[in-house]
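To keep things clear, I will list the structure first and then write my remarks on it.
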Amino acid sequence: MKQFKFPFGLRMLKSVLAVAISAAVVKYLMNGTPFFACIGAVVAMERTIASSVQAAIIRNLGTFVGGVVGIAIAYLFSGPVSDNSVFLAFGIIPVIYLINRIKKNESIIPGCIVYFAVVFLNTAESAGVYGVKRITETLIGSVIAIVINLLIFPPKKKGEDAQSKTEEEAQQV
């Protein structure tokens with residue numbers, strides 16, 4: 001039996017759907033900016049469910065650590081120190097250290113990016129709310145992407161894909 005081929009990939013279609021739903025949830029239900037939710041959705045839309053979950057863990061772990069460290073640095077060093085960009089750059093030390101300690105070094109880059117967003121785009125007063133929103137919105141986007149990947153044309157498992165190819169080849173003979 002021949003399988004229908006889309007003129008574009010299903011992953012692209014599912015990514016668009018995940019981004020649209022994530023954006024709508026954050027914008028209209030949470031009254032927020034969907035930027036990080038959309039990133040979480042795109043990052044978590046992978047070829048397999050296992051790789052989707054792994055990508056979501058990497059992104060969300062980095063987001064969590066970077067957000068929490070950013071909030072802590074913003075509160076601990078508010079005032080004149082918080083205006084010192086060179087000093088704030090040293091805040092990636094605890095981000096990198098903590099992520100290395102839990103042996104998830106793939107999360108370092110997203111962790112540093114969120115840390116930078118928290119400390120360089122906010123004041124000490126707004127950093128907490130901003131950081132919590134970034135963590136929550138990234139998680140929402142990631143979860144939505146995984147659910148869509150599971151429910152809409154779920155990817156085949158590695159063994160199923162090889163088995164279906166063998167069955168197709170046998171039917172063609």
Side-chain angles (χ1 to χ4, degrees), residues 10-12 14-27 29-78 82 85-152 154-155 157-158:
L10 284 174
R11 192 164 119 186
M12 179 174 55
K14 293 191 297 185
S15 294
V16 170
L17 185 60
V19 167
I21 292 170
S22 298
V25 166
V26 171
K27 183 161 181 78
L29 296 181
M30 298 175 63
N31 200 25
T33 304
F35 181 78
F36 282 92
C38 293
I39 292 172
V42 169
V43 167
M45 187 57 70
E46 289 284 335
R47 294 188 190 279
T48 67
I49 301 303
S51 59
S52 286
V53 170
Q54 183 62 26
I57 289 169
I58 289 166
R59 177 66 192 188
N60 283 282
L61 176 64
T63 299
F64 179 79
V65 172
V68 169
V69 170
I71 292 167
I73 296 289
Y75 282 136
L76 290 173
F77 300 105
S78 62
S82 66
S85 296
V86 174
F87 175 80
L88 291 176
F90 285 95
I92 66 168
I93 293 170
V95 172
I96 295 169
Y97 175 79
L98 290 168
I99 293 171
N100 275 332
R101 291 286 296 167
I102 53 180
K103 297 178 178 24
K104 290 287 186 188
N105 63 344
E106 306 97 335
S107 296
I108 290 172
I109 292 172
C112 289
I113 291 169
V114 173
Y115 168 79
F116 297 144
V118 171
V119 298
F120 290 124
L121 298 177
N122 292 281
T123 63
E125 295 79 31
S126 65
V129 171
Y130 182 86
V132 170
K133 282 184 175 182
R134 297 303 73 92
I135 293 165
T136 305
E137 291 166 2
T138 299
L139 181 62
I140 287 169
S142 299
V143 169
I144 288 171
I146 291 169
V147 169
I148 286 173
N149 210 7
L150 276 167
L151 297 178
I152 299 175
K157 294 177 185 164
K158 289 179 185 176

Checklist line | Taking every non-hydrogen atom, the tightest pair across I58 and S107 | finding: O-OG, 2.8 Å

Check: Say you draw a straight line from OG of S51 to CD of E46; how long is it, rounded to the nearest 0.5 Å?
Finding: 4.5 Å

Item checked: Donor-acceptor contact present, side-chain T138 to main-chain I135, <3.5 Å -> no

Check: Counting heavy atoms not belonging to Y97, are there more than 12 under 6.0 Å from its OH?
Finding: no

Notebook entry, point to check: Mind checking whether N149 and T48 have side chains closer than 4.5 Å, heavy atoms only?
Noted result: no

Note to self: Quick one, F36 and V26 - any side-chain contact, counting heavy atoms below 4.5 Å?
What the structure shows: no

Notebook entry, point to check: Would a distance-only check, ignoring hydrogens and angles, find a side-chain to backbone donor-acceptor pair under 3.5 Å from N122 to A117?
Noted result: yes

Notebook entry, point to check: Looking at NZ of K14 and CG of L150, how far apart are the two atoms once the value is rounded to the nearest 0.5 Å?
Noted result: 8.5 Å

Notebook entry, point to check: How long is the span from the CD atom in E137 to the CD1 atom in I39, to the nearest 0.5 Å?
Noted result: 10.5 Å

Check: Do F116 and L88 come within less than 4.5 Å of each other through their side chains, counting heavy atoms only?
Finding: no

Next item on the list: Looking only at non-hydrogen atoms, find the nearest pair between M45 and A145 and report the distance.
Entry: CE-O, 3.4 Å

Item checked: Separation between CG of L10 and CG of L17, rounded to the nearest 0.5 Å -> 11.5 Å

Note to self: Nearest 0.5 Å, please: how far is CZ in F90 from CD1 in I73?
What the structure shows: 11.5 Å

Notebook entry, point to check: Hey, does I96 have a side-chain heavy atom less than 4.5 Å from the side chain of C112?
Noted result: yes

Notebook entry, point to check: Roughly how far, to the nearest 0.5 Å, is NZ of K133 from OG of S126?
Noted result: 10.0 Å

Item checked: R47 atom CZ, neighbour heavy-atom count above 12 within 6.0 Å -> no

For a quick test of your reading: what N or O donor-acceptor pairs under 3.5 Å do the side chains of residues 60-67 make, sequence neighbours left out?
| residue | atom | partner | partner atom | Å |
| --- | --- | --- | --- | --- |
| N60 | OD1 | L139 | N | 3.1 |
| N60 | ND2 | A56 | O | 2.7 |
| N60 | ND2 | S142 | OG | 2.8 |
| T63 | OG1 | R59 | O | 2.8 |

Item checked: Nearest atoms (heavy-atom pairs only) where N100 meets I108 -> OD1-CD1, 3.5 Å

Margin query: Evaluate I99 against E106 for side chain to side chain contact (heavy atoms under 4.5 Å, CB included), listing each step before the verdict.
Written below: CA-CA 9 Å; I99 293 171; E106 306 97 335; over 6 Å; no

Next item on the list: Using the side chain to side chain contact (heavy atoms under 4.5 Å, CB included) rule, take V118 and I71 through it: C-alpha gap first, then chi angles, then the decisive distance, then the call.
Entry: CA-CA 7 Å; V118 171; I71 292 167; 4.3 Å; yes

Margin query: Minimum heavy-atom separation for A74 and A124, please, with both atom names.
Written below: O-CB, 3.3 Å

Next item on the list: Please report the closest heavy-atom contact between S22 and G141, naming both atoms and the distance.
Entry: OG-CA, 3.4 Å

